[in-house]
Each structure stands twice: as C-alpha cells, then as structure tokens.
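Computed from a predicted structure; not experimentally measured.
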Amino acid sequence: MPEEVVLRLDRPTATSLADLIYNLGEHQPAGMPVAQLSSDDSERLGRVLHDLWRALGVSLPYGDVQLAG
C-alpha cells in the first residue's frame with residue numbers, strides 16, 4: 001500500500017480548493033479563462049500548497065518561510 005499524505009483543511013480552505021479544481025477541470029478543457037482567485041482564496045490555497053510540499057518532502061521554491069495564518 002502506498003504511503004499516505006494527509007492534510008487537514010478547514011471548511012473555507014476545502015471549499016476554495018474544491019472550487020479551484022472544479023473550475024480548472026471545466027474551464028481549461030473548454031478553452032475558457034479561469035477566474036482570478038480572491039486574495040483570501042489565494043492565501044488559503046498558498047498555505048495548502050506549502051503544507052503539501054512539506055508533507056511530500058519537496059524543497060520549497062522560496063525556502064521554508066512562514067506563511068500568514
């Protein structure tokens with residue numbers, strides 16, 4: 001069984017992530033532009049990506065800086 005990577009998300013962050021994945025999956029194949037993220041969504045998803053990279057042991061592109069929140 002492959003090693004699991006588990007991240008815990010609060011509801012607003014999970015909603016932002018689900019919306020982003022859905023919009024990418026629907027808009028990009030149709031050749032439509034993807035809506036720009038709000039500042040709040042961008043920050044939430046930035047924290048998810050940061051946590052995911054750390055959980056995967058991937059070197060962070062800008063060092064291991066503390067993100068707001």
Side-chain angles (χ1 to χ4, degrees):
M1 181 164 165
E3 180 183 351
E4 291 184 355
V5 174
V6 178
L7 299 176
R8 295 186 59 83
L9 306 174
D10 59 30
R11 183 167 290 277
T13 302
T15 300
S16 295
L17 182 58
D19 287 345
L20 176 65
I21 292 169
Y22 176 81
N23 285 328
L24 283 174
E26 290 295 316
H27 288 85
Q28 193 173 38
M32 297 172 58
V34 176
Q36 186 171 350
L37 295 174
S38 71
S39 295
D40 287 342
D41 285 344
S42 181
E43 287 181 30
R44 283 186 188 104
L45 295 174
R47 286 191 297 271
V48 170
L49 186 55
H50 179 267
D51 292 347
L52 182 57
W53 277 334
R54 289 193 69 184
L56 292 171
V58 174
S59 296
L60 302 173
Y62 303 108
D64 197 4
V65 296
Q66 287 291 337
L67 298 177

Margin query: Please report the interatomic distance OG(Ser16) to CG(Leu37), rounded to the nearest 0.5 Å.
Written below: 8.0 Å
Next item on the list: Could you grab the distance from atom CG of Leu20 to atom OG1 of Thr15, nearest 0.5 Å is fine?
Entry: 12.5 Å
Checklist line | Note, Leu7 side chain near Leu52 side chain (heavy atom, < 4.5 Å) | finding: yes
Next item on the list: Check the hydrophobic clustering (I, L, V, M, F, W, Y; side-chain heavy atoms under 4.5 Å; chains of links allowed) and say if Val5 and Leu49 are grouped together.
Entry: yes
Notebook entry, point to check: Going by an N to O cut-off under 4.0 Å, is there a salt bridge joining Asp41 and Arg44?
Noted result: yes
Next item on the list: Answer with yes or no whether the hydrophobic clustering places Leu9 together with Ile21; edges join I, L, V, M, F, W, Y residues whose side-chain heavy atoms lie under 4.5 Å apart.
Entry: yes
